[in-house]
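Written below as structure tokens is the structure these notes are about.
Computed from a predicted model, the values in this text were never measured in an experiment.
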Amino acid sequence: MPIHEHSLIRPENITAHDKLVIDDVDVSGHWSTFIQSRVVTDYNEKLEEEIAALPGGEYIHRCWQCGSCTNSCTVNAVNPEFNPRYWIYLIRIGMEAELLRDKDIIWQCVSCNKCTYACPRDVVPEGVMKATAHWLELKGHTPKSKSTLFDQAFSDQVFATGKIEEGRIIRDFFRRTGQPLMQDWLIEMARRLVRHLAVRMLASMGLSALVRPRTRGWSGARAAIGDYVEEQKAKQHRALGLSELIEQAERELAGPPRA
Ligand code: SF4
Ligand code: SF4
């Protein structure tokens, strides 16, 4: 029997015997094809809730699987394996194991938001991709991506000083990602800045490299932002059951209790 939508089934989940005869009947090839069954332990019933608890994932429940997001997707046009509609489907039915097979490409979303404009249900698929990439990091399935490390370098500086100072953010980002500071493109950019920027501007940039600029009276705002960030983190940790996961990992590391 032919399998409809064969392309949606992973090759490793399909078994077919090239040569098979049963009771004198030749059932070779697609006549002996079967699709590996799924058992209930493959499912994470809370997966949709977990993604919905992260920024960007809030409207995933609205999806009606029309496929407009995948049809309009910039990355899908060059890599058909990148399929937002399919991942939203997997998340909504809780197929975590299946989703994890694509964990190394989900982060490739370039945030062009074409999917968001195409979506008839206001799911904000771009947000769902971000939430899913974040979920993968929080659950330890993937290391922190460079964009997450950049966000952290940026946020840490703004929280600390109330200012955005590009030079320090780039230095901090390079340190976090283990990159050398002296990179050809950066040296060239600095050269051009020196050539074209007004002296006053250059002096101000040089000064801010020596003395960290701060917003006056920032401490109150910093405390309020800090409280909000901690509150959001605690909410996300609860939704994803991260405390239980950490406790379980600690128990496993400690080994069985001594008699
Ligand atoms: S376009 Fe929107 S409704 Fe359609 S599959 Fe994508 S997310 Fe779901
Ligand atoms: S935002 Fe991401 S998922 Fe949406 S169309 Fe662009 S690359 Fe594709």
Side-chain angles (χ1 to χ4, degrees), residues 50-58 106-113 124 126-194 196-243 245-247 249-250:
E50 293 180 1
I51 299 289
L54 298 173
E58 297 90 342
I106 291 171
W107 63 270
Q108 290 175 358
C109 169
V110 294
S111 292
C112 64
N113 266 311
V124 194
E126 186 270 346
V128 176
M129 291 304 99
K130 283 283 172 297
T132 308
H134 193 190
W135 176 88
L136 288 165
E137 290 173 9
L138 287 171
K139 286 258 174 157
H141 296 304
T142 54
K144 282 183 184 171
S145 67
K146 285 187 177 166
S147 70
T148 298
L149 292 170
F150 184 85
D151 282 352
Q152 286 179 342
F154 182 91
S155 311
D156 285 354
Q157 185 186 111
V158 176
F159 295 166
T161 64
K163 289 267 186 197
I164 300 167
E165 206 278 294
E166 293 88 349
R168 282 178 193 275
I169 294 175
I170 289 175
R171 285 208 299 276
D172 189 12
F173 173 66
F174 282 176
R175 185 184 55 75
R176 291 175 195 234
T177 50
Q179 297 183 64
L181 185 58
M182 291 300 168
Q183 302 198 28
D184 291 348
W185 67 271
L186 198 56
I187 295 169
E188 182 57 28
M189 192 173 83
R191 256 197 217 121
R192 289 185 193 192
L193 279 176
V194 171
H196 299 291
L197 270 189
V199 175
R200 223 178 99 225
M201 192 81 155
L202 282 172
S204 142
M205 284 171 73
L207 189 65
S208 64
L210 293 172
V211 185
R212 203 176 196 196
R214 287 173 191 278
T215 297
R216 209 172 291 158
W218 178 247
S219 59
R222 185 173 53 220
I225 293 172
D227 287 348
Y228 178 76
V229 169
E230 286 310 312
E231 198 180 289
Q232 291 302 310
K233 265 193 199 160
K235 201 173 108 194
Q236 291 168 10
H237 279 218
R238 267 197 309 279
L240 270 63
L242 292 186
S243 309
L245 282 178
I246 292 167
E247 278 168 25
E250 282 172 350

Taking atom [atom1] of [X] and atom [atom2] of [Y], what is their separation to the nearest 0.5 Å?
X    : Y    : atom1 : atom2 : result
L136 : I51  : CG    : CD1   : 7.0 Å
M129 : W107 : CE    : CH2   : 14.5 Å
R171 : Q157 : CZ    : CD    : 9.5 Å
Q183 : M189 : CD    : CE    : 11.0 Å
K144 : L138 : NZ    : CG    : 8.5 Å

Would you name the heavy atoms of [X] and [Y] that are closest together and state the gap between them?
X    : Y    : result
D172 : R175 : OD1-NH2, 2.6 Å
T132 : V128 : OG1-O, 2.6 Å
A153 : I169 : CB-O, 4.2 Å

Is the shortest side-chain heavy-atom distance between [X] and [Y] below 4.5 Å?
X    : Y    : answer
T161 : T215 : no
R176 : D156 : yes
I164 : F154 : yes
F173 : Q179 : yes

If only atom types and distance count, is the side chain of E58 paired as donor or acceptor with the main-chain N or O of G56 below 3.5 Å?
yes
Result for side-chain hydrogen bond (donor to acceptor under 3.5 Å, both in side chains) between T148 and one of E137, K130, H134 points to E137
Considering only distance and modelled atom types, tabulate donor-acceptor pairs under 3.5 Å from the side chains of residues 219-243, sequence neighbours left out.
| residue | atom | partner | partner atom | Å |
| --- | --- | --- | --- | --- |
| R222 | NH1 | A160 | O | 2.8 |

The side-chain hydrogen bond (donor to acceptor under 3.5 Å, both in side chains) partners of E165 (sequence neighbours excluded) come to R168
Applying ring pair (Phe, Tyr, Trp, His ring centres under 6.0 Å) to F174 and not counting sequence neighbours gives none
